[in-house]
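Worksheet: one structure, shown below.
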Protein chains: 2
Amino acid sequence: MSRGASTSFADATRSLLRRTLLEAARDLAAERPWRDVTMAAIAKRAGVSRQTLYNEFGARGPLTEALVLYEVDRFIATVEAAVAERAADPPEALTAALDVFLTAVAEDPLVHAVVTEDGRDELLPLVTSQAAPLLGYASERLAAILRSHWPHVPDGEARFMADTLVRLALSYVVLPVSDPRPTVDGVTRILRPYALAVLGGGAGG
Amino acid sequence: MSRGASTSFADATRSLLRRTLLEAARDLAAERPWRDVTMAAIAKRAGVSRQTLYNEFGARGPLTEALVLYEVDRFIATVEAAVAERAADPPEALTAALDVFLTAVAEDPLVHAVVTEDGRDELLPLVTSQAAPLLGYASERLAAILRSHWPHVPDGEARFMADTLVRLALSYVVLPVSDPRPTVDGVTRILRPYALAVLGGGAGG
DNA sequence: GCTCGGTGTCGAGCGATTGGACATACGGTA
DNA sequence: TACCGTATGTCCAATCGCTCGACACCGAGC
């Protein structure tokens, strides 16, 4: 590491490559079952050689995991935006976050692929029995969002709240509901007292 | 062209490099006189070697021109957004476009650098006596915007309208006004009949 | 058992970036 | 005027990442 500190273009290039690759994988996963999406097809879609794809992810397994985490990022971003708009009203923020999340899940082709797969794909374990990395990553991100909007919440509390919310959210990925509305209402009803106590009241906070 | 059609990542990398470089140049130009912004500083800020900067732009002159055009792009994007929101009401779109443009000009550090420079910088000529490329580029972009929102306008008319508006806009870059409001009102008053005739009426159109 | 298609690995080739060198031009100063 | 420090523009060898073709390996289907 004798290089100078700033490598912003190099970094950007690297992340651009990763993003291009994952975007290509995502596109193809939306078109057909994940097991029918070959490494060659992903590389071609991304306009890159197959070798470059292997250089970046090593093998199909890690790519699959990265793809799932990438999709998580999109959900997180959606939730983040919904929360940011309503930071002054925690219960309302909670409701909105649930709403946009469930809606996004219902419309997501990759989620659909996970849920409808016949067991020969490698997707389902990653959001269930092998979901530890996902849970860790997503809850860490969510905790950061909570901390940024409600800094008075203790770190441990934020982490646990995020962990719980992600676990609950994951459940709705694996076992979706047709109409998000009742779920949003119900979960809000359950979590509202807790949110009020920990995050603070509505307009008063 | 024996390669496959898609070279998306490669293309993206190239434009990313250019953008990174221009962004770095812009940042530094906002901090100090353009004259005092060295090629080495730009390269360093972009996280790239000086040679790469020269490979991309050849010399300082072309980089300076590209920087100006890049800044033009930002203004165009601002105007584009303002127009898009009011495509149904041409006079209103015109007013809004003028408003956001003059506001953006007033706040732009690079514009400020152009106007306050002591004559030893190479910026002023590019927006005045040497502004032909700028005028051509900006009016072409603006004409495209006009065409996309009001396709019934003849091409020649759109081009001339764009050319005139850009010339007028350039004037306010070089000779700014402290309060945009009167200018917006006045120019709107002048151009409104023309806009109504060529682009169409308000809610009725 | 054999073939086919996909995975994962390897190496030569190639283009782009790097870091260092250099000549040159300009501004400030004795 | 001569000198000095700095910035520009150019050159080159080394390096890095991507490409392309080749190969062994493995599981599924015939």
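None of the values given here were measured: they were computed from a predicted structure. All chains are named by letter (A, B, ...) in the order of the sequence lines, taking the proteins before the strands, and each is independently numbered beginning at 1.
Within the structure, the salt bridge (Lys or Arg N to Asp or Glu O under 4.0 Å) test picks out the following pairs touching residues 173-191 of chain B (sequence neighbours left out): B:D99-B:R181. Residue pairs meeting the ring pair (Phe, Tyr, Trp, His ring centres under 6.0 Å) criterion with at least one member in residues 143-189 of chain B: none, sequence neighbours excluded. Residue pairs meeting the salt bridge (Lys or Arg N to Asp or Glu O under 4.0 Å) criterion with at least one member in residues 123-136 of chain B, sequence neighbours excluded, do not occur. Residue pairs meeting the ring pair (Phe, Tyr, Trp, His ring centres under 6.0 Å) criterion with at least one member in residues 61-94 of chain B, sequence neighbours excluded: B:F75-B:F101.
The distance from atom CG of B:D36 to atom P of D:dT8 is 11 Å, rounded to the nearest whole Å. When rounded to the nearest whole Å, the span between CE of A:M39 and P of C:dG6 equals 13 Å. Remark: P of D:dG17 and CG of A:D11 are 12 Å apart, rounded to the nearest angstrom. Rounded to whole Å, the distance from CZ on B:F9 to P on C:dG15 is 17 Å.
For A:R32, the CZ atom is densely surrounded, since the number of other residues' heavy atoms within 6.0 Å is greater than 12.
Partners of B:A162 according to the side-chain contact (heavy atoms from CB on, under 4.5 Å) rule, which considers only residues two or more places apart in sequence or in another chain, are B:S139, B:L142, B:A143, B:L146. Residues meeting the salt bridge (charged side-chain N to carboxylate O under 4.0 Å, His left out) test with A:E71, sequence neighbours left out: A:R26. A:P33 meets the side-chain contact (heavy atoms from CB on, under 4.5 Å) test with A:R35, A:D36, A:D121; sequence neighbours excluded. For the side-chain contact (heavy atoms from CB on, under 4.5 Å) test, residues two or more places apart in sequence or in another chain that qualify with B:Q51 are B:S49, B:Y54, B:N55. With sequence neighbours excluded, no residue forms a side-chain contact (heavy atoms from CB on, under 4.5 Å) with A:A113.
Of the residues in residues 51-68 of chain B, those lying under 4.0 Å from DNA chain C by heavy-atom distance are B:Q51, B:T52. A heavy atom lying under 4.0 Å from DNA chain C marks the following residues of residues 16-28 of chain B, by number: B:L17.
The residue among B:S49 and A:A40 whose nearest nucleotide of DNA chain C lies closer to the 5′ end is A:A40.
The main-chain N or O of A:V184 is found under 3.5 Å from a side-chain atom of A:T188 such that the two form a donor-acceptor pair.
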Enumerate all atom pairs, one protein N or O and one N or O from nucleotides 22-26 of chain C, separated by less than 3.5 Å.
none

